[in-house]
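Please read the structure below before turning to the comments.
Order of the sequence lines fixes the chain letters, A, B, ..., with proteins taken first and strands second; residue numbering starts at 1 for each chain.
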Amino acid sequence: MADRQPTSSPASRANRTRALEIALSDENLIPENYVEKYTQIAEHEWDAKNGAMVVAEAWVDPDFHERLRTNATAACAELGFPGPQGEYIVALENTPTLHNVIVCTLCSCTAWPVLGLPPDWYKSFEYRARVVRESRTVLREMGLYLPDEIEIRVWDTTAETRYMVLPCRPKGTEGWAKEALAQLITQDVLIGVALPVI
Amino acid sequence: MADRQPTSSPASRANRTRALEIALSDENLIPENYVEKYTQIAEHEWDAKNGAMVVAEAWVDPDFHERLRTNATAACAELGFPGPQGEYIVALENTPTLHNVIVCTLCSCTAWPVLGLPPDWYKSFEYRARVVRESRTVLREMGLYLPDEIEIRVWDTTAETRYMVLPCRPKGTEGWAKEALAQLITQDVLIGVALPVI
Amino acid sequence: MDGIHDLGGDDSFGAIHIERDEPVFHEDWEPLAQALGFLGMGLNWWTADQIRHAIERMEPRHYMNASYYERFLTGVASLYVERGTVSQLQLEKLAGGRYPLSLHATRGAQAREADIHFAVGETVMATNTYYRGHCRMPKYVRGKKGVVVHIAPPFPFAGSAGHGLEAKLEPTYHVRFVAKDLWSDAEENSTVVVDLWESYLEKAP
Amino acid sequence: MDGIHDLGGDDSFGAIHIERDEPVFHEDWEPLAQALGFLGMGLNWWTADQIRHAIERMEPRHYMNASYYERFLTGVASLYVERGTVSQLQLEKLAGGRYPLSLHATRGAQAREADIHFAVGETVMATNTYYRGHCRMPKYVRGKKGVVVHIAPPFPFAGSAGHGLEAKLEPTYHVRFVAKDLWSDAEENSTVVVDLWESYLEKAP
């Protein structure tokens with residue numbers, strides 16, 4: 001490609017996608033309802049609400065907490081959240097002196113079954129480029145102020161491990177029901193760019 | 001910027017340039033004929049023909065050759081080629097076992113007075129990215145086959161030195177006049193992606 | 001490959017834009033593009049690594065200006081074309097316009113033949129190796145020292161799997177690096193953990 | 001800065017396109033853009049380093065998809081706007097559309113206070129320093145060893161000059177690196193010479 005503007009714009013992204021669909025359809029490669037099923041799963045089954053339930057369970061059940069720490073894949077499956085991009089899940093436990101945050105600098109890998117498909121900002125070049133080198137600044141820009149004494153540990157999803165953050169249980173939630181606790185856990189909390197707020 | 005298409009295209013490059021010109025004109029910042037003069041110099045005074053005359057002179061006059069090797073800036077000025085982006089020129093002498101080639105990986109610096117403004121390919125991301133890491137392959141793609149025994153030395157123009165390649169004088173040019181020799185030296189030869197061919 | 005996609009630590013970029021109440025998908029073609037990619041994976045025509053590499057191989061100007069799902073679409077369409085299921089010409093006809101695809105792949109890499117295991121707590125060094133093909137060692141750790149904090153089960157070595165080659169199963173190691181060791185100007189009290197296949201690591205000197 | 005412009009050794013890119021019988025300029029606005037940049041330089045409003053840095057500061061997607069002269073225009077227009085000579089709004093009105101400018105500059109760097117001279121023939125090491133601002137040490141030599149082949153006269157340290165700061169005069173050194181020391185997969189019998197300000201170098205360990 002020369003240092004000149006291209007002569008014509010590409011076909012629209014929608015048209016390019018449809019074109020591939022038609023081509024594959026013509027070869028009878030697409031099973032009935034394949035795309036609808038995928039969309040349904042992606043929009044509804046992979047959901048940060050799942051991760052929220054995992055966190056809530058860990059907060060109320062010390063045995064589950066221990067199973068989550070030692071084998072998060074099995075612990076998540078136990079609650080009904082297995083699936084693609086969740087073959088090997090590791091839960092990253094925050095402590096009063098350690099805060100975990102997840103990124104994928106090379107593409108945008110995430111633990112879909114428990115976190116849901118990632119939001120645009122997670123997939124943005126800005127987040128991918130910056131959070132590893134200036135995590136404190138990036139978190140502050142996103143509204144999360146962490147004191148300097150807390151180590152910020154950024155996990156770059158460069159192989160097959162998929163991560164979820166297990167935040168500290170907020171003070172003032174003693175005796176809360178699991179469902180109420182789960183409400184505190186958003187996708188941002190599971191990625192590590194926010195903390196549960198009561 | 002989000003992971004979404006921008007909502008509108010920028011104004012054309014020509015219009016953006018004219019807009020800046022008008023704004024500066026309105027402030028009476030542009031001296032009369034300033035742009036015309038610049039264009040005239042850039043199109044006609046900075047010319048690889050100058051570098052060609054330097055090389056030809058060095059081929060026929062051993063004293064000039066020596067001055068070019070020890071102080072190329074003065075030697076070029078001696079022939080009437082001083083100027084911007086030529087404050088400190090170094091001539092890179094090829095030998096039977098060494099071939100020199102010039103790039104600017106960080107932007108596109110070149111010795112304008114003797115090489116002329118660089119061509120698009122020199123300014124392309126492709127050349128900037130690739131020639132330092134795979135010089136032999138890049139030169140071959142550009143039509144210059146060099147035996148493995150010849151060291152290829154790539155000069156990255158990262159500070160204020162501006163380079164020109166001084167190729168070996170081709171066999172069969174004994175007794176040629178300077179003007180005829182200069183005809184063999186193209187901009188590509190001065191950059192080091194071609195050799196003089198008789 | 002030392003590609004445009006290897007963004008960690010690049011400081012060209014500005015503020016992160018956050019969309020409130022973002023939907024899972026913004027346009028209908030997005031899940032469609034993704035589903036069509038997984039279709040080929042389900043047929044064992046390619047691995048997730050090959051999709052990732054096909055995306056990395058996009059013409060850099062295109063990569064930079066495409067959205068996530070456009071990148072996914074381009075990678076997947078390239079794999080279908082490279083496999084011969086459909087031609088670029090056919091796709092352009094059906095789309096009614098240009099249909100840019102990824103650049104051609106170069107060679108893949110083999111994992112190290114010898115197993116060299118590392119222990120939790122051990123200081124290791126990321127190799128100083130440069131790979132032309134698919135590589136899951138971000139450039140920012142190359143040649144840097146860190147400490148193993150966890151060992152994950154074996155997975156196929158991405159350098160081979162990204163090219164459809166038979167891939168050695170190797171454990172991956174979660175290696176913790178001090179951010180200041182990676183970038184002299186990084187912030188205090190911050191660390192980065194990178195998940196690295198065994199072949200990307202060697203004993204610390 | 002570790003920016004998108006620091007392209008040496010990136011292997012995302014394809015074939016080099018060569019135009020036969022290329023004119024010096026392809027369109028009239030190209031020399032105009034360049035002349036307007038030098039106008040401000042002639043007024044001592046900025047240095048060539050500041051123009052270079054203003055170009056590097058372009059939004060990366062814009063940088064990647066702009067031609068050389070569009071990058072030059074954008075850098076120069078940004079400098080005029082930053083100086084207050086003209087506003088972005090005014091430029092957009094005059095241009096009749098969007099007028100993207102470069103992102104804001106961060107801090108510049110000072111040269112090393114102590115002079116540490118190196119001799120021709122000496123093995124030196126490029127520092128392992130990361131600069132947020134303008135930097136003329138390409139990332140591919142950082143921390144690598146090479147041999148000084150020539151010493152050039154002192155020039156203002158680009159890390160300061162690129163930000164309009166007073167700049168220490170420092171010699172620059174032509175340092176020859178073996179390509180294989182820079183990239184393990186580089187070609188045999190090839191070397192790269194980089195012209196480095198003294199502050200970018202230290203004694204080899």
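Heavy-atom distances place the side chain of Leu43(D), and not its backbone, under 4.5 Å from chain B. Contacts between Thr137(B) and chain D at a heavy-atom distance below 4.5 Å involve backbone atoms as well as side-chain atoms. With a 4.5 Å cut-off on non-hydrogen atoms, Val103(B) does not touch chain D at all. Neither the backbone nor the side chain of Phe157(D) comes within less than 4.5 Å of any heavy atom of chain B. Contacts between Val90(B) and chain D at a heavy-atom distance below 4.5 Å involve the side chain alone, from C-beta outward. Of the two parts of Tyr99(D), the backbone and the side chain both hold a non-hydrogen atom closer than 4.5 Å to a non-hydrogen atom of chain B. Both the backbone and the side chain of Leu20(B) come within contact range of chain D, each with at least one heavy atom under 4.5 Å from a heavy atom of that chain. Both the backbone and the side chain of Val192(D) come within less than 4.5 Å of a heavy atom in chain B. In this structure, chain D has heavy atoms under 4.5 Å from both the backbone and the side chain of Leu29(B). With a threshold of 4.5 angstrom between heavy atoms, Glu149(B) approaches chain D through N, CA, C or O but not through any side-chain atom. For Glu134(B), the parts sitting under 4.5 Å from any heavy atom of chain D are the backbone and the side chain alike. Arg52(D) touches chain B through its side chain: at least one heavy atom from C-beta onward sits under 4.5 Å away, while N, CA, C and O do not. Contacts between Leu24(B) and chain D at a heavy-atom distance below 4.5 Å involve the side chain alone, from C-beta outward. The contact between Glu160(B) and chain D is made by backbone and side chain atoms together, counting heavy-atom distances below 4.5 Å.
Judged purely by distance below 3.5 Å, without hydrogens or angles, the side chains of Asp195(D) and Thr161(B) pair a donor atom with an acceptor atom. Neither side chain, Thr85(D) nor Glu27(B), offers a donor N or O lying under 3.5 Å from an acceptor on the other. For Ser8(B) and Arg98(D), the side-chain atoms include at least one donor-acceptor pair closer than 3.5 Å.
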From CA spacing to verdict: salt bridge (charged side-chain N to carboxylate O under 4.0 Å, His left out), Arg133(B), Glu187(D): CA-CA 7 Å; Arg133(B) 185 159 170 180; Glu187(D) 291 163 352; over 6 Å; no
